[in-house]
Amino acid sequence: MTADELIKEFRNRFRREPEGVFFCPGRVNLIGEHIDYNGGSVMPCTISRGTYLAAGRNIDKTFRFQSMGFPATASLHVQSSYTKAGKDWFNYPLGVFHELLQEGHELPGMDLLFDGDLPIGAGLSSSASIEVLTAFAASELMGLNISRKDIALLAKKVENEFIGVSCGIMDQFTVALGQKNKALLLNCDTFVYEYLPFDTGEYQLVIINTNRKRALEESKYNERFAECGLALGALKKELSIKELCDLDIASFELNQELIHDPVLRRRALHVVTENARVGDATVALQTSDWLTFGKLLFASHQSLKELYEVTGKELDTIIDFCKEYKDCCGARMTGAGFGGCAIALVQKISFDDFASKLKLFYKKRTGYDADVFAAASGGAVTRI
Ligand code: GLA
C-alpha cells in the first residue's frame, strides 16, 4: 500500500480529502528485555515496517475510525472521556483521544483511516505504533505542539490505563524517537538516551515471526510486572533502592536472600543480569564486535527462558536452530515473549540458506510456518 492508495481509499470511504498522511514504524529490541519497567537500560531500534494513517479533522464533532486491515469500524461523538470498548483495534486510537481530552485539550472530530504492514500482536510494537501515530497526527493537525517525548509518555499512559497492560516506556519512546541506522540506548529510569551506530557490516538483522498466537500475553506480562514489584518490595526492607536495576550483579548476590520466594529471586536475577548485558552489548556495538554482541543475545534468551520464563517452545526452537547455524552469531526473542518474534544476526551471504533451513526445522518441530525477513532499521513517527 502506497500513500497514494491510502489517500484514494480515504476519499472513497469519507468522501473528502485527508489533511495529512503519517507513518509510524514498529521496533525490535536488540537487548534489554523486561527491564524497562524496572528502571533498566534498553537497546531497541525501529524497523522499516509500521503503521500508516490518513487523517483529517471534521466539523461534525465525530471520531471515525476505519482500518484497511480490520473490518470493525467506529463512529463516536466527541465527548469528555471514553472507556475501552471490547477488544477491537480502534481502542488504541480511541485511548489516545481519551488521554488528550484528560489533558484538557479541546478536540474537534477527526476522520481516520489506518493501514500497516506490521504483523499484529507479534512483539514488533504494533500497539505502540498506532498509539504514537495517532497522538502525533492529532498534535500536527490540531496544532497541539506536543513533543515527541511527551507523545511517548501519553501513549504509555494509554497502554497502562486505557488498554490495561502494565508496559514500560521502551516501545513508545523508540517509535517516537528512533533514528535510521541507529540503535537507541535508553535509560528507562531517567529517560536519558543516546543513539548508537547500528551498522551491522557483513551481518544481516533478521526477524523471525513464530506465528504463534499470544493469547495469554497480557495477563502473563502483568504477572511478571507484579512479580518484579514483589521482589523489589522484599529488597527494599533492607536496601534503599528505587528500582531493581539500581542493583549491580554483585550487590544483588549479596542481598538476594532478602527475597524468600525462589521464583521471585529468579525473576530479579534475570533483571539485574540483563541490565548488565546491555552495558556489555553497548561496548560490543561501539567496537563492532559482533561475536561478543551475538553471544550476549544468546545469553539474554537463555535468561528469559530459564529465569524469567517468557519464551516457550516456538521461540526456543528458533533459538536452538540459530545456535547450531554456523553463520548466525546471535539470536534471541524480542519484545514481551510468549510467542511473537525473535531476532538473529546472520551473515548476509547466508541469509537465503538460513531462512529456508530454519523454516523447515521449525515446521517439523512445531507445526507452524515461520516468517523470516531481513530487517532494515527505520526512522521515527513522521508526516509523509
Ligand atoms: C513489551 C512492552 C515493553 C517491554 C517489553 C519487554 O514490548 O510493551 O514495555 O516491557 O515488552 O522488554
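Here the structure is a predicted model, which is why all the values come from computation and not from measurement. The chain is numbered in sequence order, starting from 1. Indexing begins at 1, ligand by ligand and atom by atom, following the structure's order.
For ligand 1, the polar-atom distance check against Asp171 finds a nitrogen or oxygen pair separated by under 3.5 Å. In terms of polar-atom proximity, defined here as any N/O pair under 3.5 Å, Tyr37 makes no such contact with ligand 1. Taking only nitrogen or oxygen atoms, main chain and side chain alike, Gly168 reaches within less than 3.5 Å of ligand 1.
Annotation: cation-pi geometry not satisfied between Arg224 and Phe338 (NZ/CZ under 6.0 angstrom from ring centroid, within 45° of ring axis).
The ligand atoms of ligand 1 that sit less than 4.0 angstrom from a heavy atom of Gly335 are 6 (C), 11 (O). For ligand 1, the atoms lying closer than 4.0 Å to a non-hydrogen atom of Glu33 are 5 (C), 6 (C), 12 (O). The atoms of ligand 1 that sit less than 4.0 Å from any heavy atom of Met170 are 4 (C), 5 (C), 12 (O). Of all the atoms in ligand 1, the ones that sit under 4.0 Å from a non-hydrogen atom of Arg27 are 7 (O). Below 4.0 Å from some heavy atom of Cys167 lie the following atoms of ligand 1, by number and element: 2 (C), 8 (O), 9 (O).
Listed by first and then second residue, the ring-ring contact (aromatic ring centres under 6.0 Å, His included) pairs that reach into residues 103-159 are Trp89-Phe114, sequence neighbours excluded.
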Run Arg277 and Ser300 through side-chain hydrogen bond (donor to acceptor under 3.5 Å, both in side chains) and show every step you take.
CA-CA 8 Å; Arg277 275 186 290 273; Ser300 167; 4.7 Å; no

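Other cluster members for Val263: none, since no ILVMFWY side-chain heavy atom sits under 4.5 Å from it.
Between Phe90 and Phe63, the ring centre distance reaches or exceeds 6.0 Å.
Side-chain contact check for Ile169 versus Leu153: some heavy-atom pair is nearer than 4.5 Å.
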